[in-house]
2 protein chains.
Amino acid sequence: MTSESQPAPLPAGFRAAGVTAGLKASGTPDLALVVNDGPDHHAAAVFTTNRVEAAPVTWSRQVLVDGRVDAVVLNSGGANACTGAQGFLDTHRTAEHVAEALGLSAGDVVVCSTGLIGELLPMDKIFAGIDAAAAALSPAGLEPAAIAIKTTDTVHKVAAHAGDGWSVAGFAKGAGMLAPALATMLVVLTTDAVVDPGDLDTALRAATAVSFDRIDSDACMSTNDTVVVLASGASGVEVGAGELTEALTAVSAGLARQLIADAEGAAHDIAIEVRSAASVDDALEVARAVARNNLFKCAVFGNDPNWGRVLAAVGTTRAAFDAAGLDVTMNGVQVCRAGGVGEDRSLVDLTGREVHVVVDLHAGSEAATIWTNDLTHDYVHENSAYST
Amino acid sequence: MTSESQPAPLPAGFRAAGVTAGLKASGTPDLALVVNDGPDHHAAAVFTTNRVEAAPVTWSRQVLVDGRVDAVVLNSGGANACTGAQGFLDTHRTAEHVAEALGLSAGDVVVCSTGLIGELLPMDKIFAGIDAAAAALSPAGLEPAAIAIKTTDTVHKVAAHAGDGWSVAGFAKGAGMLAPALATMLVVLTTDAVVDPGDLDTALRAATAVSFDRIDSDACMSTNDTVVVLASGASGVEVGAGELTEALTAVSAGLARQLIADAEGAAHDIAIEVRSAASVDDALEVARAVARNNLFKCAVFGNDPNWGRVLAAVGTTRAAFDAAGLDVTMNGVQVCRAGGVGEDRSLVDLTGREVHVVVDLHAGSEAATIWTNDLTHDYVHENSAYST
C-alpha cells in the first residue's frame, strides 16, 4: 500500500486531474475528473442504500447498467441531494459537459457530488471546472483528484496495490461506511488489469463488504455514497477473479482504514471484534451495536474502560448469546468474564489512538470486526457548525 | 400536574423516604423507600428489554409475577448490573432486609438500582440506609425519595394527578425511554384508587407506550430501566380502566417531559412529529431514525436548520413514502417541500429550548411524536468522565 506521502501512480490507461472550480468558500480544490482511456471500459459500482438518494446517485446507477464507464467527475462543495428535478437536470448537464469536453457519450460518465444537502450547484462554475480539469488530465493526477474531493477530511486518501505487471490504485474521501455512512463516502478505484466484467462486479462487492461496509464512524447514512471501479485492460495482463478480489480488497481496506483514522473529530480508532458468534451476521450485529453506542463512544474519548456500556449495547441485539457467558477484553485486559466483573478495569490503557475491544459471545465459531471512532467534543463542534 | 417546586403529596396509603446511605462519592441522598400500607397491594411494572439485565430487574420481574408489591427500595450510586451471582444475592439480601425492617415478605419487595455497571454494591451501607429510610418513612416522603434516586439528573422529577377523591403521584430519574434508554430510567407511580389488578397492568402499559416509550434521548438502552405502579385502594374510590389509563398517562407524560428537559448535557428539547404516515409504526420508525441521527442532533445544537440531515435519516427507514413527496417543517418554516428546497432555511429560529420538526410522509393518516435532545459538548463531557 502506498502511503499518502508517496505519490501513487495511476494504472496504465488512466488520467486524472483535480482543480479549483470555486464551489467551496475555502478556495481549495473541489472538482476532480478521472478518465479511462481503455482499451477496456469495464466498470462496476455500489451506491448508498439510503432511499433519499442524491441526483448524481440516481444518474450514476443508470450509467452503470451497461457496465461501461469512460469517465468519473466528482465535486465537493455541494451534494446536489434533495434538489428535485433541477438537481437531476444539473447532474445530467454535468455529464453532458464532460462528454463534450472529452469526446465521450454522457451515458458513460459517472457523476459524484459531496457537500451540503439541499442546495443547487452553481453550474457555471461546474462547467468551467470541468474544462479546466479536462485540460489538466495527467497520469500523475491521482493525488490532485483525491485532494479535490475532500470536504471535512484533514488529509487526502490514496492507496495502491501492485500485481505482476498490473496494478490497482484508488482514492477516497469521507469517513464512514457505505451504508450507513458519515458525511459522504466517495471512492474511485482503477486497475489496468484485463478482467471479466462479471468478475469485476463480484470482486468489488466482495471487497466493499469486508472494508467500507465494516467501518461505521457515526451510524449516519449518506445520500451520496458511491464506490466505483474502472478497469482499462491497458496492462494486457489477464487477472482472475480471486486475484482481482484480493487486490481490490487490499486497496479498499487501506482506504477504509484511512477514512476511520481521519473521521470527524475522532481521537480514537476503535476495532470492535466479536468472536465465537453463531453467524457472521450475529457478529456484525453485535459489533455494530457497540460501535453505535454513544455512551460507549464517549467513554473511550475519556479513556474510560467502561465495559458495562459494551454489555448494555450487546444486550440490545438479537444475536445468539447467554448474558451470563459474555466476555469482554479491552486492549488485552479481560475486564468482563462470564457476564460479570473480570480483571481490574484500571489496568486498561486507552491513551493510545487505537483501541481493541473483543466481545466473546461463546455461541459459535464465526467472527467479524467493525471499525469505529470515539465521540468527541470536536465531532460535536464540526457537525454543529457545518452548514452555517 | 405538580411542578417540582410544589411538594407533591403521596396518595393515601403510601409512605416514602429518601436518605443518604453513602453509596455516592458526592455524599448526596442515594437510597429511597416507598411503602404501600394498603388495604390493596396491587402492582404492575414494565422493565428494560435489554437482554443484559441487572440483578434487581431479574429479581423484580419475579416479585411482580403475583401482582403484589408492598414496598419498593431504590438506590443510586451503583447499578448492580453485570455482577453475576453475587449481584443477584445482594439484591435478594436487599429485599430481605427491607422485609425484616418493615415486617413484610421479601417476595413483595421490588428492588431498583442505578449507577455504574460492573461493580458490587457496598451491602453494609445498603443495609444501614434501609434502616434509616424505614425510620424516616412519611406521607411527605415523595420528594425526598425522588431526590435520592438522582444520578446525573440536575433536578428531581415528580408529577401528580388529582382525581375526584383519589390521586396519582409519581417520581422518576434518568433521561431516556424505556427501551432504549439513556442512563437508567427508574419510575415509581402510586395511586390510592381502588382498581382491578388487570386494569392496572393494562393502564400502565398503555401509559408507558405513549410517554416513556416515546422519548429517546440518546438511543442507548439501559440494563436497569423499571417503571412500577402501586395501588393502595386507600381512597375507597373505585376507578375504571379508562379513567385510570388517563391519569397514569398524564403523570407518565409529565415525568417523561421532565426527563427530556433534564437529559444529560442537552441544550434543546426536540419534538419529531411524523404526519400522514401509513401506520403508527411507520411514524415511530421515521421519528426515531431522525431522533437518533447524531449529525442532525449536532446541527440542532448549533442552531443550524440542516434539514438535509432529517431527510437523510428518513431515507434509512422502511416506512412507506416517496422521497420526492417529503415535506419537512422546522419551527413553523417549511424548509423542504416535495423532497426539495422549500422556504429559506435562514428563516428558522432555533435559539429557543424547544424545537419542533414535522416530517410529512404523505403516505396515510397516522402520526406519532418522539421527543429527543440535541448532541452537545456537555453530553460528551458528562459521558466521557462518568466512571472515572
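In what follows, chains are A, B, ... by sequence order, proteins preceding strands, each numbered from 1. In what follows, every heavy atom counts, from backbone to side chain, and hydrogens, waters and symmetry copies are set aside. Only a predicted model underlies this, so the values are computations on that prediction, with no experimental measurement involved.
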Considering only heavy atoms, which portion of A:S346 lies under 4.5 Å from any heavy atom of chain B: side chain, backbone, both, or neither?
-> neither
Examine whether an atom of A:L326 lies under 4.5 Å from a heavy atom of chain B, and if so say whether it belongs to the side chain, the backbone or both; otherwise answer neither.
-> side chain
Look at A:D360 together with A:R275 and state whether they make a salt bridge at an N to O cut-off of under 4.0 Å.
-> no
Looking just at side-chain N and O atoms, do A:K297 and A:T372 make a donor-acceptor pair shorter than 3.5 Å?
-> yes
Determine the option with the most heavy-atom pairs under 4.5 angstrom with chain A, choosing from B:N294, B:V341, B:D378.
-> B:N294
Measure distances from A:R318 to the heavy atoms of chain B and classify the residue's part below 4.5 Å as side chain, backbone, both or neither.
-> backbone
Are a donor atom and an acceptor atom from the side chains of B:N50 and B:T223 found within less than 3.5 Å of each other?
-> no
Under the side-chain contact (heavy atoms from CB on, under 4.5 Å) rule, collect the residues that match up with B:S60, sequence neighbours excluded.
-> B:F47, B:V110, B:V111
Part of A:A299 lying under 4.5 Å from any heavy atom of chain B = both
Identify which of B:C298, B:G308, B:A85 forms the greatest number of heavy-atom pairs closer than 4.5 Å to chain A.
-> B:C298
Pair B:R337 + B:D327, salt bridge at N-O below 4.0 Å | no
Name the option with the most non-hydrogen atom pairs under 4.5 Å to chain B; the candidates are A:V335, A:T376, A:T83.
-> A:T376
Segment of B:A312 engaging chain A (4.5 angstrom heavy-atom cut-off) | both
Once the angle between the rings of A:H377 and B:H377 is folded into 0 to 90°, is it parallel (under 30°), tilted (30 to 60°) or perpendicular (over 60°)?
-> tilted
Select, from A:G87, A:G340, A:G118, the one with the greatest count of heavy-atom pairs under 4.5 Å involving chain B.
-> A:G118
With only heavy atoms counted, which part of A:F321 is less than 4.5 Å from chain B, the side chain, the backbone, both or neither?
-> both
Out of A:D262, A:I270, A:I260, which residue meets the side chain to side chain contact (heavy atoms under 4.5 Å, CB included) rule with A:N373?
-> A:I260
